[in-house]
2 protein chains.
Amino acid sequence: MDPLTEAQQKLMPEMTELLKKRYQILLTIKMEEPIGRRALSELAGSTEREIRKETDLLRNQQLINARSAGMVVSEQGVAVLDALKDFMRDVSGLIAMEKRLKSLLGISRVLILPQDSDDIPAVKANIGKEAARLLESLFAQHKKIAVTGGSTMAAISKELSSDKKDSTLQFIAARGGLGEDVLHQANTIASSFAGKTGGSVKTLYLPDHLSAEAYEMMMREPVIKEMMNLYDQTDVVVHGIGNAEEIALQRQSSTEEVERIRSGGAVSEAFGYYFDKEGKVVYRIRTAGIQLEQVQKAPAILAVAGGRSKAKAILSYFRNAAPQTVLITDEGAAQQILELTQNREEI
Amino acid sequence: MDPLTEAQQKLMPEMTELLKKRYQILLTIKMEEPIGRRALSELAGSTEREIRKETDLLRNQQLINARSAGMVVSEQGVAVLDALKDFMRDVSGLIAMEKRLKSLLGISRVLILPQDSDDIPAVKANIGKEAARLLESLFAQHKKIAVTGGSTMAAISKELSSDKKDSTLQFIAARGGLGEDVLHQANTIASSFAGKTGGSVKTLYLPDHLSAEAYEMMMREPVIKEMMNLYDQTDVVVHGIGNAEEIALQRQSSTEEVERIRSGGAVSEAFGYYFDKEGKVVYRIRTAGIQLEQVQKAPAILAVAGGRSKAKAILSYFRNAAPQTVLITDEGAAQQILELTQNREEI
DNA sequence: ATGTAATGGGACAAAAAACGTCCAGCTGAA
DNA sequence: TTCAGCTGGACGTTTTTTGTCCCATTACAT
């Protein structure tokens, strides 16, 4: 870190926290504008008074404007956010954490965003935004993109820019409809991605839990075969990482399945695979979907998951993740991962 | 100014003041160590509680240590002071002020130090310190240095480093004993300079107020003639700038003199010359001393004066000052000068 | 057009923090 | 040994911050 900044922090130890707080508030306003005090205080996880104090200040500084519909970030405010973006990551030690995580997980890149999405819902939107930017930067080179479901993936689709359309983009739902709500299904997400970017979409509607016979039969269907072929040509895989148990419950898995998942010591889940804490596959949903091998040979992989509650799952998944994977997460998760591993040796 | 810093200030407007306050306190401790709360509060112009709050913080940050004899700046504290030195000048807008003053006064360099020595006595010491550093940097090239009297000059001599002695340095009292107290006479100051730097000294003991006849006679004395010759070879002139009336009163001038000074509209005084607000000489003390022409042809001139009460005097003196003059002053004086001239055009 | 749910701003008592001001006990220098 | 000056503790008082209302206004959906 900049020695000047270090000296400033020595002389003003309260600076970092204050800066982080205000920056986060300003950022949240930006993302949700126009927004009122009360809604903002829920989103930011602070009391209304606290929000009020800070927004009063931000208004005095002309970083936000208060309209009757809510508060809006001013032009100056956007400039401030932009100027401080990298600095905030540095001052929060995020850059240092990224380096440590990178070597710990053995992957090419880690992107950590401020705060903890477990505490502050708006952080998830921020993760989504940065993941979206990163993904967009890949569009020039990579056209076939497989996407999974989940609320994190939904956050990404929300933040995809719909400015420059590219009809050559092809989005592929990485799996059939999960037992989850429609909004967070891979199919829905893939469609949303396509809609935002102007690309086309290939969806796959298929029950999650098939009997062995039905599964075999489906696999021979031409539509499904074509889909499986597409998976082979995937350029980018974008997926979330879930906690094994949570996902299993969400999916209304059979007791037998839950038992296998549990006894196998499953910790994490991604694109239908369950991994134990050593990163070994202990179970996989029997449905049509992208194969682990297909994911691992993809030129680019974005794994997106935030919140300290996901730390164990992330760690589990990355035990055997492909080295070209990029992890996009938040401070809460990153901190928790580093705490969990501080006693162990390197992987 | 750095756009990052600007953004920080937008988000934390209280930062600047807080930083300045703490920096100043730390700096004052450094200059006066070991020092106690009460002495420090007087020097810094704050209440004891205020000082206590801040020093408690500084101690927690391990920037100072509290011994029974008083507070002392730690190694880390010195590092912080050093790292922040330039930044503080920038953040206070001092660098911008220096530029404006430079062009306003038509001289080559202006050095402005934080705060106002009218309010905080310690600032004078800081001015002295920086003037001393600047002067020392000239020692390599310039050996014959003429110095005047005054409390500001005394502050410089206090801060001259006595580390590396240089016996080739030659200090010359720019004038005979002024009516002032011995401690602040040019002779005393010159001796002090010589003592600190290891150089030699030429002093000039002569009453300030001579009759015309006595003056003529003294001027023919060999000792005096030699002195006047020395003035001709001066490499550096270091002098303060005073308020004309104050100086006149200090010098117990005759009523006739005071009348001439007053009616002439004298505003400033330097090395025995009185200047009106247009920078014209309206009177000069009739005693042996360096001539205005000799000052102006010196390769280097340091004019040192601080405090907003000196603003008018500084402005007056610089109406006709040599362009190679360097002004060393403080924020208070600089601000006042700029306010005084903001309505007028450039000189 | 109309009702509703959100907004910012005003207000105020309660709680917390900061402040001014002492004092005790210690230490180093005279 | 005395004494001045120091730190750290203490505490009642003042000031600021905080939690929590209400209210007029406005955008928006019905």
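All chains are named by letter (A, B, ...) in the order of the sequence lines, taking the proteins before the strands, and each is independently numbered beginning at 1. In what follows, every heavy atom counts, from backbone to side chain, and hydrogens, waters and symmetry copies are set aside.
To the nearest angstrom, P of C/dG8 lies 13 Å from CG of A/L58. As rounded to whole Å, 11 Å separates atom P of D/dA10 from atom CZ of B/R52. Residue A/R37 contributes atom CZ, which lies 14 Å from atom P of C/dA11 at whole-angstrom precision. Between A/E54 atom CD and D/dG19 atom P the separation is 12 Å, expressed in whole Å. Taking atom CD of residue B/E14 and atom P of nucleotide D/dT16, one finds them 15 Å apart after rounding to whole Å. The distance from atom NZ of B/K53 to atom P of D/dT14 is 19 Å, rounded to the nearest whole Å. Look at CG on A/D56: it is 7 Å from P on C/dG9, rounded to the nearest Å. The CE atom of A/M71 sits 12 Å away from the C1' atom of C/dG9 (whole-angstrom rounding).
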Practice prompt. Evaluate side-chain hydrogen bond (donor to acceptor under 3.5 Å, both in side chains) for B/D330 paired with B/S117, printing each intermediate quantity in order.
Written response: CA-CA 7 Å; B/D330 62 25; B/S117 51; 2.7 Å; yes
Item to complete: Could you walk me through whether A/Q9 and A/T16 pass side-chain hydrogen bond (donor to acceptor under 3.5 Å, both in side chains), step by step?
Response: CA-CA 7 Å; A/Q9 284 188 357; A/T16 312; 3.3 Å; yes
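Under a 3.5 Å cut-off, the side chain of A/S192 and the backbone N or O of A/T188 do not form any donor-acceptor pair.
Not one side-chain nitrogen or oxygen of B/S68 sits closer than 4.0 Å to the OP1 or OP2 atom of C/dC26.
The residue among B/R59 and A/E48 whose nearest nucleotide of DNA chain D is located toward the 5' end is B/R59.
Among the atoms of the strands shown, only primed sugar atoms or phosphate atoms (P, OP1, OP2) are found under 4.0 Å from some heavy atom of B/R67. Within 4.0 Å (heavy atoms only), B/T47 reaches sugar-phosphate atoms of the nucleic acid but no base atom.
Looking at A/T197 and A/K165, their side chains never bring a donor and an acceptor atom within 3.5 Å of each other.
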